Amino acid sequence: MQLTISGIENREEWEKVGISLPKYDVKAVAQKAKQTPKWAHFGIGNIFRIFIGGIADGLLEEGILDCGITCIESFDCELVDKIYDPYDNLALSVILHGDGSREYKVLGSLAEAVKAQSSNPAHWQRLKEIFSSPSLQLVSFTITEKGYALQKSDGSWLPFVEADIQNGPDKSIGAMAILTAMLLERYQAGRYPLALVSMDNCSQNGSKLRESVLTMANEWQKAGFVDADFVAYVSDENIIAFPWTMIDKITPRPSEQIAADLEHLGIEAMQPIITDKQTYIAPFVNAEKAQYLVIEDHFPNKRPALEKGFGVYLTDRNTVNLSERMKVTVCLNPVHSATGPLGVVLGYDLFAHMLNSNEDMMKMARMIAYDEGFLVVPDPKIISPKEFLDELFYERFPNEYLGDTNLRLAVDVSQMVGIRFGETIKAYVAKYGDASRLTAIPLGIAGWLRYMLAVDDEGKKYELAFDPMSEEIQAQLKDIIVGQPQTFSDQLRPILSNERVFFVDLYKAGLGEKIETMFREMIGGFGAVKATIHKYVNP
C-alpha cells in the first residue's frame, strides 16, 4: 500500500485496516485549486497538515469547499521534495485518544506544493500566478513567531532582512519579503483584495504580520523598488486585511512507533525524516483530537465557510484577543513553559507521564492554572475558561499516547516567557500592587533558568532544546556550578530585570528575589530540584 493518488484507488484495501479515505475527487479539487486558487498557506509542516489541512478536508467532505489548499514553503523547501512530491501531496492524519485508540484518515485537501524561492524560476513564477489570481481569498500562515522577525534584539536588521531590503522584491529570501513581493504582484495585477491570516501561536499575530509587511513595503519605497500607492494598498485593511487568530492543537513530532505500526498495517515508506534544517516530519502527522481556531471575521475578498469546520469560531477581534490571552497567558502555555523545562531536569521524557506519575509536578501545574492564573483569566465568552482548563487537566494533559516531550516544550522558551508569565504578573501588580503572592509561576521561571545549566537533578549533562537566547543566557550563568550554591551571586539580575524578555522588571514586580531564592535552592546538589519543587507546592 502506497500513500499516493494511484495507491489509494483500492479503497477496500485501506478501509480494511481502518484507514478512512477522502470521499471527494482528490484530483478534481487539486486541479480547481491550481486553476482558481482560493486558499494558500505558508509553512507546510506538521500542524498545518493535520489541523488546517484537516479542517479543509472536512469542508471538502461536506461539499462546503470545492478546492484544496495551495501549500507554500519559504523556509524548509526540503519538505516539498521529501514529504509532498513523493506522496502526491497526500497526508495521513493520526488522531491519538487518551484510551490508546487512534483515528486514521488520508487527507486529500493539499492541492499543490510550491517552493517560495526567488532562485527557483519555475516555482517563483507559479507563486506570482497564485497571488495574481482574483479568486484568491485568503493566505494563512504557520511559520512560527520567528518567521515575522525582521530585527535583532538590539533593533538592527537581521542579515537576510538587510539583504532583502537592498536587493528588492525579485531577489527576496525571507518570508516577509517574499510575501510583500507577492503582494506587489497582486497590486500590479489589479489591486485585488486579500486576507492574510496568521495562525501562529503568538499574541496579536495579525498585527505582527501586518507590521512586518508594512515595514518591508516602506523600506522598499525608500529604496525605490515600490511606489507610495503600493504602500497605501497594503496599508488599507479594507483591502489587505490581517485578521487575528487563536490556535490550539497539541501536535508532537511524528512518532517512530506510529510509523512502525503503519508499516505493519502494510503502508510503505512511513518513517519520519529530519531535514537539513532540523524539521522533524513524516508522511503522517500525529496529534490530539481537541482543536480550537478562533478567527477574526475580516475577509475583504470573501471567504470559505470556515465556521463550519471542526473547532473553528468566527468572531470579532476583541473576542479573538481574549481567547488567545485565556489560552496563552493562563490555561495552557504557561503550564507547558513552567513545567516542561523542569521535566527535562527531573529526567522525564514525556510531559503526560511526568504529570501522571509525579504528584508535585501535577500540583505545580494546577497551581499555575487554577490557583494563580485563574484569578486574572480573561473570559472570551465563546469558550468557557473553566471548561477549557478542565478539558486540559482531565483529558488532554494526561494523554500519554500523544507522546509530547518535555524537551519540545523547552524550545524557544525565552521568546515566550513574556506573554506566558509576564501578562499574569502584570495583572497581579495592577490588582495587588505587586506579584509577591505568586509561587508556582516564579518557581517555573527559576526552573527554566535551572534547566539552562544543562545538568539534570542527578548531575548528568543533556542537550538543550533550541532557543535563540541559549548562548546569551548560558554565558550569563557560566560560573554557576550545581552543588556549589556559593557560585551563585547576582547572575540572574540582568535576565530577570529585562523587560524585553518578561515584559516587566521582575524585581520591581516583587518576584526577582523570590526567584533567586528558589534558583539557589535548586542548585544545592543532587535531588535539590525535586526537593525545592516539593517544598513550594506543599506549603
Side-chain angles (χ1 to χ4, degrees), residues 51 96-99 201-203 245-252 287-294 310-313 315 318-343 350-402 404 406 408-409 413 416-417 419-428 431 435 437-445 447 533 536-537:
F51 193 172
L96 306 170
H97 297 286
D99 61 1
N201 187 25
C202 53
S203 181
T245 67
M246 182 276 271
I247 186 169
D248 178 28
K249 187 178 185 74
I250 299 172
T251 307
E288 63 177 344
K289 178 77 171 179
Q291 61 186 39
Y292 297 86
L293 180 58
V294 185
F310 173 58
V312 182
Y313 302 78
T315 184
N318 184 56
T319 303
V320 173
N321 191 41
L322 292 174
S323 301
E324 189 269 340
R325 288 174 63 84
M326 175 198 74
K327 172 197 171 241
V328 174
T329 71
V330 173
C331 295
L332 193 158
N333 300 104
V335 174
H336 275 167
S337 293
T339 62
L342 273 172
L350 297 183
F351 172 73
H353 176 65
M354 174 185 71
L355 292 190
N356 291 339
S357 62
N358 189 312
E359 183 179 350
D360 285 342
M361 291 306 295
M362 177 60 87
K363 282 184 179 178
M364 179 180 172
R366 294 183 68 89
M367 283 173 67
I368 289 166
Y370 284 102
D371 298 340
E372 298 183 348
F374 207 74
L375 288 176
V376 292
V377 68
D379 186 353
K381 306 298 183 186
I382 60 170
I383 303 169
S384 160
K386 177 65 163 58
E387 290 176 6
F388 188 81
L389 258 184
D390 289 346
E391 181 186 48
L392 282 169
F393 277 90
Y394 293 106
E395 298 177 30
R396 300 172 65 187
F397 285 164
N399 184 356
E400 295 193 26
Y401 295 99
L402 196 55
D404 205 10
N406 285 311
R408 184 189 79 87
L409 302 179
V413 171
M416 302 166 179
V417 288
I419 185 68
R420 296 183 177 185
F421 303 134
E423 293 302 320
T424 292
I425 291 167
K426 287 193 294 184
Y428 268 72
K431 189 170 184 177
R437 65 188 64 205
L438 293 172
T439 298
I441 286 175
L443 187 63
I445 295 171
I533 296 167
Y536 285 100
V537 302

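Just so you know, these numbers come straight off a predicted model, no measurement behind them. All values below were derived from every heavy atom in this structure, side-chain atoms included, with hydrogens, water molecules and symmetry-related copies excluded.
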Provide the closest heavy-atom pair for [X] versus [Y] in the form atom of the first, atom of the second, distance.
| X | Y | answer |
| --- | --- | --- |
| M326 | P385 | SD-CA, 3.7 Å |
| S323 | P380 | OG-CB, 3.2 Å |
| M362 | L355 | CB-O, 3.6 Å |
| L375 | K431 | O-NZ, 3.7 Å |
| R325 | P378 | CB-CG, 3.6 Å |

Start with the C-alpha distance between E423 and K426, add both sets of side-chain angles, then the distance that settles side chain to side chain contact (heavy atoms under 4.5 Å, CB included), and finish with yes or no.
-> CA-CA 5 Å; E423 293 302 320; K426 287 193 294 184; 3.2 Å; yes
Hey, what do you get for [atom1] ([X]) to [atom2] ([Y]), rounding to the nearest 0.5 Å?
| X | Y | atom1 | atom2 | answer |
| --- | --- | --- | --- | --- |
| T251 | F51 | OG1 | CZ | 8.0 Å |
| L389 | K327 | CG | NZ | 13.0 Å |
| N406 | H353 | CG | NE2 | 10.0 Å |
| R420 | I445 | CZ | CD1 | 13.0 Å |
| Q291 | K289 | CD | NZ | 8.0 Å |
| R366 | L392 | CZ | CG | 11.0 Å |

Heavy-atom check, side chain of [X] versus side chain of [Y], under 4.5 Å:
| X | Y | result |
| --- | --- | --- |
| I533 | N358 | no |
| L342 | M361 | yes |
| Y313 | T319 | no |
| P334 | I441 | no |
| L402 | P252 | yes |
| I250 | R408 | yes |

Tell me whether [X] contacts the main-chain N or O of [Y] through its side chain, where contact means a donor paired with an acceptor under 3.5 Å.
| X | Y | result |
| --- | --- | --- |
| T424 | T329 | yes |
| E372 | A440 | yes |
| N399 | L96 | yes |

Is the NZ or CZ atom of R437 positioned over Y428's six-membered ring, under 6.0 angstrom from the centre and within 45° of the axis?
-> no
Of D404, D390, D248, the residue whose pairing with R396 passes side chain to side chain donor-acceptor pair (under 3.5 Å) = D248
Given the rule in the side chain to side chain contact (heavy atoms under 4.5 Å, CB included) test, do T339 and M364 qualify, once you have shown the distances and angles that lead to the verdict?
-> CA-CA 8 Å; T339 62; M364 179 180 172; 4.3 Å; yes
Side chain to side chain contact (heavy atoms under 4.5 Å, CB included) between C202 and I419: does it pass, once the steps are laid out?
-> CA-CA 8 Å; C202 53; I419 185 68; over 6 Å; no
Once the angle between the rings of F351 and F397 is folded into 0 to 90°, is it parallel (under 30°), tilted (30 to 60°) or perpendicular (over 60°)?
-> perpendicular
Would you tell me whether N356 and E400 have side-chain atoms, one donor and one acceptor, within less than 3.5 Å of each other?
-> yes
